[in-house]
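When a residue number appears, it is its place in the shown sequence, counting from 1. Indexing begins at 1, ligand by ligand and atom by atom, following the structure's order. Keep in mind that this is a model prediction, so the values were computed, not measured.
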Amino acid sequence: MAKVPPPLKEAYDFGLKKVSASEKTQKVTSVFERVASRYDLMNDVMSLGIHRLWKKWFVESLPLLQDGVYLDVAGGTGDIAQAIFERLNHFGFKAQVTVSDINPAMIDVGQKRYPHLSWVCSNAEDLPLKDNSIDVYTIAFGLRNVTRREKALQEAYRVLRPGGKFACLEFSQVLPPFQKLYDFYVFRIIPKMGEWVAQDKEAYQYLSESIQAFLTREELLELMRKVGFERARYETITGGIVALHVGYKL
Ligand code: SAM
């Protein structure tokens, strides 16, 4: 008779599967290790370049602070941090911009491209940073990959100084009239593109499924409030495909 595995005490979504915490962290790490060298190209291909507009909108929503301390968590290859850095420079602001990511392979690609940024290899759930040390905490398309999301939000709250801003850009729920078309694109086309362009269908299957398995925007808002964020709110763009959640530590 086939052996039935015991139920997991704590189950975390890895795409549409439920796995243990350590398994999720290890599987997500493996996905981004495999895609690191083609990550940016694939982002352009899969989103038809639209991710650049989402990220521009995100960065332009952030405050410009003289001598500000900016932290981009799950920052991957650093494009958000670089856009923050360029915008601050453009307006003549001096600031410190740090990228943090759990994956050395992603950091390696980014660090070669943007050596002037500060880079930290760390888990969003356990940041090696002092309490009340950050003015602006950003996380873009990162939170759904984090195993213990509540812990990551608690860490965001801990490292932000009073008055500091939390901003999260993530995939969200598309408006009902676009649902069928969107599902077809995300669940059929994206894994195929992953197979053809990046020769890694499994990794892109995970990325598609993780979009489906992620919190609704109301659930994320609730979690932000639970860990203490004030004036928490969200807005959506591109028919709900992406949502921006913001909150403050007051
Ligand atoms: N922010 C970048 C962007 O917008 O292109 C990268 C987003 S990429 C989809 C997700 C990133 O989250 C990967 O670089 C991955 O290594 C990172 N990541 C996954 N789990 C993490 C964790 N627990 N802590 C920090 N980073 C994590």
Polar atom proximity, [X] to ligand 1 (N or O, under 3.5 Å):
X: Arg144; value: no
X: Ala140; value: yes
X: Met106; value: no
X: Asp72; value: no

Check each heavy atom of [X] against ligand 1 and say whether those closer than 4.0 Å belong to the side chain, the backbone, both or neither.
X: Ser100; value: neither
X: Lys55; value: side chain
X: Asn43; value: side chain

Which residue supplies the protein heavy atom nearest to [atom], what is that atom called, and how far is it?
atom: atom 24 (N) of ligand 1; answer: Ala124 N, 2.8 Å
atom: atom 27 (C) of ligand 1; answer: Ile102 CG2, 3.4 Å
atom: atom 20 (N) of ligand 1; answer: Asn145 O, 3.6 Å
atom: atom 12 (O) of ligand 1; answer: Ala74 CB, 3.4 Å
atom: atom 23 (N) of ligand 1; answer: Asn123 OD1, 2.8 Å
atom: atom 16 (O) of ligand 1; answer: Asp101 OD1, 2.7 Å

I'd like to know if Ile80 and Val97 are part of one continuous hydrophobic network [Ile/Leu/Val/Met/Phe/Trp/Tyr, side-chain heavy atoms within less than 4.5 Å].
yes
Give a yes or no on whether Glu222 atom CD has more than 12 heavy-atom contacts from other residues, nucleotides or ligands under 6.0 Å away.
no
Does atom CZ of Arg188 have more than 12 heavy-atom neighbours from other groups under 6.0 Å away?
no
So, does Trp119 use its side chain to make a donor-acceptor pair with the main chain of Tyr114 at under 3.5 Å?
yes
Provide the number and element of each atom of ligand 1 under 4.0 Å from a heavy atom of [X].
X: Asn103; answer: 16 (O)
X: Gly75; answer: 1 (N), 2 (C)
X: Val28; answer: 19 (C)
X: Gly76; answer: 6 (C), 14 (O)

Using the ring of each side chain (for Trp, its six-membered ring), is Phe229 parallel, tilted or perpendicular to Tyr157, with breaks at 30° and 60°?
perpendicular
Is Ser122 near ligand 1, meaning one of its heavy atoms is under 4.0 Å from it?
yes
Can you name the nearest heavy-atom pair linking Ala36 to Val109, along with the distance?
O-CG2, 3.9 Å
Can you see which heavy atom on Asn132 is nearest to which on Pro162, and at what distance?
OD1-CD, 3.9 Å
Arg34 bridged to Glu202 by N-O distance under 4.0 Å
yes
Passing option when Glu125 is tested against Arg149, Arg148, Lys151, Lys24 for salt bridge (Lys or Arg N to Asp or Glu O under 4.0 Å):
Arg148
Quick check: Phe14 with Tyr206 (ring centres under 6.0 Å apart)?
yes
Closest to atom 6 (C) of ligand 1 among Phe141, Phe58, Tyr39 (heavy-atom distance):
Tyr39
Determine, step by step, whether Glu23 and Tyr12 satisfy the side-chain hydrogen bond (donor to acceptor under 3.5 Å, both in side chains) criterion, reporting the C-alpha distance in whole Å, the side-chain angles of both residues, the deciding distance to 0.1 Å, and the verdict.
CA-CA 9 Å; Glu23 218 179 328; Tyr12 296 87; over 6 Å; no
I'd like to know if the side chain of Asn43 pairs up with that of Tyr39 as donor and acceptor (distance under 3.5 Å, no hydrogens or angles considered).
yes
